[in-house]
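Each chain gets a letter, A, B and so on, in the order the sequences are listed, and its residues count up from 1.
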Protein chains: 2
Amino acid sequence: MPVVKAEFNPRYEALICLLRASEALWNASRIFFAQWRLGPSQFNVLKILHDAPDGCTQAELSRALLVHRSNITGLLNRLEKRKLLERRDSKTDRRAYRVVLTAAGRRLVRRTLPHYHRAALAVWGRLSEKRVRQIVSEFGQVSRDAEQAVRPFSNQPKHART
Amino acid sequence: MPVVKAEFNPRYEALICLLRASEALWNASRIFFAQWRLGPSQFNVLKILHDAPDGCTQAELSRALLVHRSNITGLLNRLEKRKLLERRDSKTDRRAYRVVLTAAGRRLVRRTLPHYHRAALAVWGRLSEKRVRQIVSEFGQVSRDAEQAVRPFSNQPKHART
DNA sequence: CAGAGATTGTTTATGAGTCAACAATTTATA
DNA sequence: TATAAATTGTTGACTCATAAACAATCTCTG
């Protein structure tokens, strides 16, 4: 199977390891949520709306999920087609919608959530609380350093003219 | 990778933290490789081929990258169009190709790699080697537990009829 | 050897993400 | 107040991922 040669650089290995772990978690959650015909991102949307009594605008959703505005459009279209949520015109901003769960959407989240928490515990249960706290604090730093390391490039013009 | 609000459960928080970190790393690497007009996955393909003197079959690539066969097709098409690699008929299996880097592909990888290693160090440099080793060993377990937790569902029929 | 079964790569359909550009609208400022 | 600047949601073009179904081919087994 493995065609990837070792690099004898433990930090390089850690990078790969982290990415693999997150891929495994993502895949697992994809399989998990397929029970309810949901993708992980769809679940996230529903969960956020469930916690927001007055709904959200799409821009708020995109910030909460750390994804681009344009991504939210399609995500909501698919969920709206299934009548799990709806877009209502905002009373105060005629550019925006307020996105709210339907009763069916709310029921679905309530049914799903306990299963989800059980699964999360199964995944992390072996790590001690102490280790878990360490991970939380270290990874914040790693994330920030990643953004930092790449900042010199991130505002450069894409590539002038093709 | 359900990235949802805090639940007053440290393990739950760790999950979110890990996923955020891996997202940050993935985004950073997307920005990083854009310098050479490469996506992260494209770079991975080139890197693997660079380490495989006799090339790979597409199936080998898909196993090394943990992605589906069908995904490799498009990935290679884009790279082949740019003459960074080519598909040669396999001498021993008429179903398969041997995918190999062109001279240009090889040059690109060699130019890129040192920058990449520098960046990886910038990201992980704050963590001690000891901590990095811990992470590597623990995350293997977390990944396995994630797969395990989800196994009951993973062989179930997709979903009969929508 | 014949045939059953597995594997290889492609296609098609779908989901999820990026970015850039746009019209409509709000907000801030000069 | 008029206008410049920022924000909102959509679209279109692109990348990257999955799954299912297919033809061609290899491999194993009776």
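- Ring centroids of B:Tyr116 and B:Phe43 are separated by less than 6.0 Å, placing the two rings close together.
- Atom CG of A:Asn44 is separated from atom P of C:dG15 by 17 Å (rounded to the nearest Å).
- Rounded to a whole Å, the CG atom of A:Asp89 is 11 Å from the P atom of C:dT25.
- One atom, CG of B:Leu65, and another, P of C:dG9, lie 13 Å apart when rounded to the nearest Å.
- Residue pairs meeting the salt bridge (charged side-chain N to carboxylate O under 4.0 Å, His left out) criterion with at least one partner in residues 98-125 of chain B, sequence neighbours excluded, are B:Glu60-B:Arg98.
- In this structure, the side chains of B:Gln42 and B:Arg37 stay at 4.5 Å or more apart for every pair of heavy atoms.
- Contact detail for A:Ala96 and A:Thr57: the closest heavy-atom pair is CB-CG2, 4.3 Å.
- Residue B:Arg30 contributes atom CZ, which lies 17 Å from atom P of C:dA16 at whole-angstrom precision.
- Contact annotation: the side chain of A:Val100 approaches that of A:Glu86 to within less than 4.5 Å [non-hydrogen atoms, C-beta and beyond].
- Straight-line distance from the CG atom of B:Leu61 to the C1' atom of C:dT8: 13 Å, rounded to whole Å.
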Taking protein heavy atoms under 4.0 Å as touching, what does nucleotides 7-15 of chain D look like 5' to 3' if B marks base contact, S marks sugar-phosphate-only contact and - marks none? BBBBB---S
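- The closest side-chain heavy-atom distance from A:Leu127 to A:Ile135 is below 4.5 Å.
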